[in-house]
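One structure is given here, and the rest of the page talks about it.
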Amino acid sequence: MKKFFDDFKKDIKFKSAGPGKKLTEDTSAKPEVVQGRSSVKHDRHAPSEGAQRAGAAALARIEQHQKPKVHTSQDAIRTQVKRELEAEAAALAEKEKAAAAEGSKVPVKDPTLLSVSGVYFICPLTGATLTKSEREIHIKEAILMRFEEDAVEASVMMMHTFNKDREKVKAAVDIISKYVENICKNPTEEKYRKIKLSNKVFQEKVKSVEGSREFLQALGFTSVMLPIEGQEEEEEFLVLPEQSPDALELMKERRDRLQRGEPVRAQLDRQPQAFRQSPNAQRFELPPEFYNLTAEELKREQQQRSELVEKSAMLRTKAMREKEEQRERRKYNYTLLRVRLPDGNLLQGTFYAWDRMPVLFSFMRESLVDGWQPFELIAPGGQKLQESEDIALAECNLVPAALLTFAWDAAVQADIAAAGGKSPTLLKPELLENIRSLS
């Protein structure tokens, strides 16, 4: 069976690399995308027959597969504006259709002018740096590789990660947990240790969830063809041999691991980068990944904004403007934030548009030598951001990019100075070692 895993490794071409690779290259270049395995190795015995069956089954499975009207004194004007906008939208839709038929002719931005080369992610299992399109397949491959080391862990990850319908997963987990509960309460009752695969509940609730059979096999269930009274043909069952008290305790522990399981998700690589003081700090050129819009939609949106902004602003109520702003913010997936530090240097990082305020403050603390000291972040327009507010970056108008200002807490700094202390050091050495100039 070892040959199976060796062949599997060759098939998926899984290349090793060290985890947590720092991105220090020129921002105009795409960070090296690597695949890695955990550097922590454990002494293990050869995989059990149950683990081998679970891994083989896992590989086989992968291979198969109308708005209320606002009444104001200017209703008549609003109606006219609405008609104009609808007409323009229809015209733009026709243009888009024509453009799609001929192929997109929107000029691509020069990569060397981009503020960041793209959006990247880190696999929590291997430490590999991945593009958005690479995330899913890489994580699936990494989970399948875990069958060789721990079939229970791998099948738990498989169930919680490979299936998008969380309700279906919960239902399958509940049923499998019931199987285990019945076996532990009635260890000598053979009927509780047999699962008929043609059973309706099993078919609809368990079999349809990827990884469920692999988990049962990792528990020790094996496939057996058994005769059925009143039938000529035998049927397939999953059968578990009678278990010892210690084995039953281990089965409960594995059930608990299944119940605690969570999907394995790639983490956003914030790509922290320090820049020297620059007059270009407020200039941002973002790659397409930052938007929910296509390149053609982005171009059209920019044209439409410049043509309609004055006319729309005159006619919209505050409520209408706020609603429109919310709609606008939903166009962005990510945001690129720069923070101007007291020494003039800049710190840049990538965030989800809907990351909450504590995430931003945590990023700053992790980048500072004296991050434990209180500090303030000030948004464009002088708005003071509050770490305690559970509010999204998009809701603070910090999308798709923004320049913030950093300041130490004045009262604390005054106390430090009065005591003869030094001003706190700013960025960590590893960031300063790779500081760059904004182009």
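On a predicted model such as this, the values are computed, not experimentally measured, just so you know.
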List the atom pairs, with distances to 0.1 Å, where a side-chain N or O of residues 335-346 and a protein N or O form a donor-acceptor pair under 3.5 Å, not counting sequence neighbours.
from, atom 1, to, atom 2, distance (Å)
T335, OG1, L398, O, 2.5
T335, OG1, P400, O, 3.1
R338, NE, Q348, OE1, 2.7
R338, NH1, A281, O, 2.9
R338, NH1, R283, O, 2.8
R338, NH2, S115, OG, 3.3
R338, NH2, Q348, OE1, 3.3
D343, OD1, N345, N, 3.0
D343, OD2, N345, ND2, 3.4

| said: Quick check against the 3.5 Å criterion: does Q271 have a side-chain atom that pairs as donor or acceptor with the backbone of G118? | reply: yes
| Residues in side-chain contact (heavy atoms from CB on, under 4.5 Å) with S244, at least two apart? | D246, A247
| request: Decide whether S437 and R276 meet the rule of one side-chain donor and one side-chain acceptor closer than 3.5 Å. | output: yes
| task | Look only at the side chain of N199 and the backbone of V201, and say whether a donor-acceptor pair between them is shorter than 3.5 Å. | result | yes
| query | Can you list every pair that meets side chain to side chain donor-acceptor pair (under 3.5 Å) and has a residue in residues 168-186, with sequence neighbours left out? | reply | K170-D174, S177-Q259, E181-K185
| query | Using 4.0 Å as the upper bound for N to carboxylate O, is an ion pair formed by D150 and R257? | reply | yes
| query | Any side-chain heavy atom of T161 sitting closer than 4.5 Å to one from I143? | reply | yes
| field | Greater than 12 external heavy atoms within 6.0 Å of E190's CD | value | no
| note | Rounded to the nearest 0.5 Å, the OG atom of S133 sits from the NE2 atom of H138 at a distance of 12.5 Å
| Crowding at CD, E167 (>12 non-hydrogen neighbours, <6.0 Å) | no
| message | Is it true that, when you exclude E136 itself, more than 12 heavy atoms of the residues, nucleotides or ligands shown sit nearer than 6.0 Å to its CD? | response | no
Side-chain donor-acceptor pairs of residues 376-394 under 3.5 Å, sequence neighbours excluded:
from, atom 1, to, atom 2, distance (Å)
E376, OE2, K384, NZ, 3.2
E387, OE1, R365, NH2, 2.8
D390, OD1, R356, NE, 3.2

| task | Spell out, as yes or no, whether a donor-acceptor pair under 3.5 Å connects the side chain of H160 to the backbone of R166. | result | no
| said: Distance check, rounded to the nearest 0.5 Å: E204 atom CD versus I175 atom CD1? | reply: 9.5 Å
| Within residues 355-383 or reaching into it, pairs that qualify as ring-ring contact (aromatic ring centres under 6.0 Å, His included) - sequence neighbours excluded | F351-F363, F361-F375, F375-F406
| task | With the side chain counted from C-beta on, respond yes when T126 and C123 share a heavy-atom pair under 4.5 Å apart, and no when they do not. | result | yes
| task | Can you sort out the partners of E236 under salt bridge (Lys or Arg N to Asp or Glu O under 4.0 Å), two or more places apart, ordered by chain and number? | result | R213
| task | Go through T129 and F121 one step at a time and tell me if the side-chain contact (heavy atoms from CB on, under 4.5 Å) criterion holds. | result | CA-CA 6 Å; T129 299; F121 302 85; over 6 Å; no
| Pairing residues for R260 by the side-chain hydrogen bond (donor to acceptor under 3.5 Å, both in side chains) criterion, not counting sequence neighbours | none
| query | What pair of heavy atoms forms the shortest contact from V209 to A172, and how long is it? | reply | CG2-CB, 3.7 Å
| field | Distance (rounded to the nearest 0.5 Å) between K194 NZ and Y192 OH | value | 13.0 Å
| field | N163 side-chain N/O to E210 backbone N/O, donor-acceptor pair under 3.5 Å | value | yes
| field | ring-ring contact (aromatic ring centres under 6.0 Å, His included) involving Y352 - partner list, sequence neighbours excluded | value | Y334
| task | Please check if the side chain of E189 supplies one atom and the backbone of P187 the other of a donor-acceptor pair under 3.5 Å. | result | no
| note | Heavy-atom closest pair (E285 atom, L113 atom, distance to 0.1 Å) is CB-O, 3.3 Å
| message | Measuring only between side-chain heavy atoms, which start at C-beta, is Y120 closer than 4.5 Å to K132? | response | no
| task | With the side chain counted from C-beta on, respond yes when V264 and L125 share a heavy-atom pair under 4.5 Å apart, and no when they do not. | result | yes
| Okay, side chain of N333, backbone of Y291: is any donor-acceptor separation there less than 3.5 Å? | yes
| Looking at residues at least two apart in the chain, or sitting in another chain, which of them share a salt bridge (Lys or Arg N to Asp or Glu O under 4.0 Å) with E153? | R146
| note | Smallest heavy-atom separation, A266 atom then I139 atom, equals N-CD1, 3.5 Å
| Where do L226 and V239 come nearest, in terms of heavy atoms and distance? | CD1-CG2, 4.2 Å
| task | Could you list the residues that satisfy side-chain hydrogen bond (donor to acceptor under 3.5 Å, both in side chains) with R193, not counting sequence neighbours? | result | none
| query | Would a distance-only check, ignoring hydrogens and angles, find a side-chain to backbone donor-acceptor pair under 3.5 Å from Q203 to L197? | reply | yes
| said: Run the side-chain contact (heavy atoms from CB on, under 4.5 Å) test against S198 and tell me which residues pass, sequence neighbours left out. | reply: K196, E235
| Residues two or more places apart in sequence or in another chain: which of them pass side-chain contact (heavy atoms from CB on, under 4.5 Å) with P374? | D409, V412
| said: On a heavy-atom basis, which atom in L240 and which in L219 lie closest, and how many Å separate them? | reply: CD1-O, 3.7 Å
| Roughly how far, to the nearest 0.5 Å, is the CZ atom of R255 from the SG atom of C184? | 6.5 Å
| Got more than 12 heavy atoms from elsewhere within 6.0 Å of CD, E233? | no
| field | For the student: nearest non-hydrogen atoms of K428 and E366, plus distance | value | NZ-O, 2.8 Å
| With a 4.5 Å heavy-atom cut-off, do Y332 and L286 have their side chains touching? | no
